[in-house]
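Every chain is numbered from 1, with letters handed out A, B, ... down the list of sequences.
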Number of protein chains: 4
Amino acid sequence: MPTRRERTRQRLYEAAVELIAEHGYSATTVDQIAERAGVAKGTVYYNFASKAALFGELLEYGVERLAAALRTAAEGRAPLDALDAVVGAELAFIGQYEAFARLLLAETWRAGGDWQNAARLIRERAIGVIADVLRAAVANGDLRADLDVGMAASAVFGMVLTVALDWRTLQPARPLTDVHATLVDLLRGRIAGPAT
Amino acid sequence: MPTRRERTRQRLYEAAVELIAEHGYSATTVDQIAERAGVAKGTVYYNFASKAALFGELLEYGVERLAAALRTAAEGRAPLDALDAVVGAELAFIGQYEAFARLLLAETWRAGGDWQNAARLIRERAIGVIADVLRAAVANGDLRADLDVGMAASAVFGMVLTVALDWRTLQPARPLTDVHATLVDLLRGRIAGPAT
Amino acid sequence: MPTRRERTRQRLYEAAVELIAEHGYSATTVDQIAERAGVAKGTVYYNFASKAALFGELLEYGVERLAAALRTAAEGRAPLDALDAVVGAELAFIGQYEAFARLLLAETWRAGGDWQNAARLIRERAIGVIADVLRAAVANGDLRADLDVGMAASAVFGMVLTVALDWRTLQPARPLTDVHATLVDLLRGRIAGPAT
Amino acid sequence: MPTRRERTRQRLYEAAVELIAEHGYSATTVDQIAERAGVAKGTVYYNFASKAALFGELLEYGVERLAAALRTAAEGRAPLDALDAVVGAELAFIGQYEAFARLLLAETWRAGGDWQNAARLIRERAIGVIADVLRAAVANGDLRADLDVGMAASAVFGMVLTVALDWRTLQPARPLTDVHATLVDLLRGRIAGPAT
DNA sequence: AATGAATGAGGTTTCATTCAT
DNA sequence: GATGAATGAAACCTCATTCAT
C-alpha cells in the first residue's frame, strides 16, 4: 500500500508528463503542474528538489519502463519474431503512454540540449534493445551480414515512433494490430507489388 | 538586390533557427536571437510582431523549402526512383539545414500544442509529397494495391528524419551517399540475409 | 482581523492611488507601486492580475466609498439641507482622499478611453446621488419645476471637485467649513450684492 | 499662405490633441501621432524637438486661444453680462475644441505633476479672466463685497467644464444655448422654486 | 523637408524558488 | 506532510529618439 507521499509523487508525475507533452518543458510551469495534480505549489518542492529534478526523474523512469517493455518483448524469441515483437511493444507503449512518447520526441532530439544526457540514455537503452535484436538476426543469417545495425535500429525506432504518433492523432480508433501489421510489412520488405 | 529590411529579417531567421533548434522555442530568448543576429533587441520587434510570429513565419518558410526540395526531387522520375530521390532530397535538406530539422522534430510533434497548425502543415506538405510518390508507385503496380499509403509515407518521413539526425550527431563525417544507400535498402526490403 | 493577503492588497491600493494621482496611470510604474507599498514587484502580480486590473478595482472601490459617503450625508434631511450636506460630504471626502479625487479627474474624463466604464460608473453613482437630492427638492417645491436635474447635478459635482482641488493646492490651511460656506452660498444664489 | 512646414505642424497638432484627449499624454505614442497625421515618424522629430515639446507647445497654444476667447467675450460688457458671455465663450470653445478641453482636464489637475506649470498657466490665464469679471462685478456692487473671488472663479470654470463635457458625451445634439441658459440660471441663483 | 530602419533603456509580466505557518 | 504568500531575476515587449538616406 503506497504511502501518502508516494501517492502525491505519482500524481505529480502524471500531471507533469501530460503538461510537458503538450507544451514542452520550458513552457510548462510549476503552477500548472501543481494545479493539475490538485496540490499546492509548495508541495511540488516538498517532493522534488526542483522542476529540473522532477523532469529528470520522469525521463529516467519512463525510459526505463520503455526499455524494459522492449527487452521483455524480445526475450526468448527467434530474431525476426523478436523484431516484430519489439515493434509491437513500442507501439503498445506509445498507445498507453502517449504523453511520454511525445515528450521524448519533443525534448530530446535537440542539438546542444540541456537534456542531452537523457537523449543518449534513450538511444543507448531503447534503440540499444532494437540493435541487439538486429545483431542477433544478422548472426542468425536472417539479415545480411553487412547491415549497418546501428543505423537500422535508429530507423526502426524513428519509423515506429512517427507512425505511432500520427496514428494516435489522426486515427486513434484504428486497432493496434492493424498498425502493427503495416509496420511489420514495411520492415520485412513485403510491400513490393505483384512480380512483373 | 535585397533591401536593408530584407537582409535584417534573413539574419534574424537564421539566428532564430539555430537557437531554437538547440534550446527549444520557450528556452530561447529574444535577447539571444538579437545578439546572434548582431542587431539590437528592438530590431527584432521592428521586424516581427512578436517572438511567436517570428517562429511562425520561420516554420512556414522552412516547410515550404523542404516541400519544394522533395517535390523537385520527385519530378519526372519513375515511381520507385522518385522514392529514392525523395529520400535523398530529405537527407540532403537535413544535412544542409540540420537546425531546422531538429526544430521540426522538437516543436511540432506535440499533443495539444500551440503549433498544431504548423504540424498539420508539415504533414500535409512534406509528407504529402512522399504519399504522392507512393500512390504513383501503387498505381504503377510497383507496390501492392492495399498498401496504407498515408501510414507508409509517415513511416518513411520519420525514419529518414531520425536516421539523419543520428547521422549528424554520431557520425557526421560519414558521406551522405552511404546513409542514403542504407535507407534505400531498408525501404526496398533488401535487408534479408542469404536465402536459407 | 484581516488576513495577510488582505493587508498586502490594502497597502497596494494606497500606494497606487497616491502615485497615479500624481503622475497618472500610464506614467506610474509597477515598480514604483511595489516600492511605495514596501513589497517586491512580484507581489503586485500575486495579488492583482495586471496593472490595469489593479487600477480597475481601485476605481470601483473608491467610487463606492464616495457614493456611500454622499448617500449617508443626504439621508433623513430636508432636500435643501441634504444638498448642503452632500456638498459638505464631497468636500470632506476630497479633503481626506485627495489623491483619489485627482485620479478621478485625471483619468476618467477622457473621450474614448480605456476607463469609460469607470467614468460611467462615477456619473451614475456619485452624480446620481446629487441628482436624487435635486429631484427631491424639485418635488418639494424648493427648486423650480423645469430645472434640468441631470445637468445641475453634473454642475454641482464638477464645481465642488474643482474648488476642492484648488483649495487643497492653493490654500490647504483654510478650514473646510469656510470653503463649504462659500460653495453653499454660490449654490443658493446668495452671492448677489445689496439690492439696488 | 502657409508653408509646407506650417501645414505639417498643424496636422501634427491636431493629431496629437485628439489622441492625447482620448488616451492621455503617456499612453499616446509618437507612432500613433505620426500615423494619424499621415507622416513618417521621423517627421515628428523634424518638426518638434521632442514629444514633451510638442505637448508643451500644444498646451500653450490652446490655453492662449481659450484665454483670448474668454477675454474677448468679456470686453466692453457690464459685469454680470460679461459673466454670462464668458460662460458662453467657454462653452463654445469646448464645443469646438472638445478634445483640447478633455486634455486640459485629464493632464493638468495632477498633484505633483510634470505639467504643473501648465496647470498654473491655466489658472492664471483662463480662470484669471473669470476672476477679473467677478471682481468688476463686486466693484460695481452687483455681487456682495465679501465674495471669495478666486474660489468663485474656480467654481465657475470647473462647473462649466464638467457640464460641457457631459453635454458633449451624453446629449451632443442639444443646442448650446440651452446648456448656456441652464448654467446662467444656476450662476444667477435663479433656480429657487416659487416663494413659499 | 521628409523618411523609416534601427536602437536600447525601461516598462509589464512570468515563474522557479523560498519560507513562515 | 502540506500550504500559499512572497520574492526577484529574467523574460517579452514598447517606444522616444537617432541617423543614414
Distance in angstrom units between D/Ile20 CD1 and F/dA16 P, rounded: 10 Å
Side-chain heavy-atom pair B/Leu54, B/Val30 within 4.5 angstrom cut-off: no
Toward the 5' end of DNA chain E, by each residue's nearest nucleotide, B/Arg5 or C/Ser50: B/Arg5
Sugar-phosphate, base or nothing in reach of B/Ser26, heavy atoms under 4.0 Å: nothing
Given DNA chain F, 5'-ward residue of the pair B/Ala52 and C/Ala40, judged by closest heavy atom: C/Ala40
Heavy-atom closest pair, residues B/Ala21 and B/Ala99: CB-O, 2.9 Å
Candidates C/Arg65, C/Glu64, C/Glu57 - the one meeting side chain to side chain donor-acceptor pair (under 3.5 Å) with C/Tyr61: C/Arg65
Length of the line joining B/Tyr45:OH and F/dA11:P, which is rounded to integer Å: 11 Å
pair C/Thr29-C/Leu19: side-chain heavy atoms closer than 4.5 Å: no
Sugar-phosphate, base or nothing in reach of B/Lys51, heavy atoms under 4.0 Å: sugar-phosphate
Phosphate contact (F/dC15 OP1 or OP2) by D/Thr29 side-chain N/O below 4.0 Å: no
Distance, nearest 0.5 Å, that separates OH of C/Tyr13 from CG of C/Asn47: 10.0 Å
Interatomic distance where NE2 belongs to B/His23 and P belongs to F/dA11 [whole Å]: 12 Å
Sugar-phosphate only, base, or nothing, as touched by B/Asn47 at under 4.0 Å among non-hydrogen atoms: sugar-phosphate
Closest-nucleotide 5' rank along DNA chain E - winner of C/Gln32 and C/Ala49: C/Gln32
Atom-to-atom span, CG of C/Asp31 to P of F/dA10 - whole angstrom: 15 Å
D/Ala67 versus D/Arg125, closest heavy-atom pair with distance: CB-CB, 4.0 Å
Consecutive-pair stems (3 or more, Watson-Crick or G-U, under 3.5 Å) for DNA chain E: E:2-21 with F:2-21
Distance, nearest 0.5 Å, that separates CG of D/Leu59 from OH of D/Tyr25: 10.0 Å
Passing option when A/Gln10 is tested against A/Glu14, A/Arg7, A/Glu6 for side chain to side chain donor-acceptor pair (under 3.5 Å): A/Glu14
Sugar-phosphate only, base, or nothing, as touched by A/Val39 at under 4.0 Å among non-hydrogen atoms: sugar-phosphate
Heavy-atom closest contact (C/Thr43 atom, C/Leu12 atom, distance): O-CD1, 4.3 Å
Span of DNA chain E in contact with chain A (heavy atoms, under 4.0 Å): E/dC15 to E/dT18
Contact nearer the 5' end of DNA chain F, comparing B/Lys41 with D/Lys41: B/Lys41
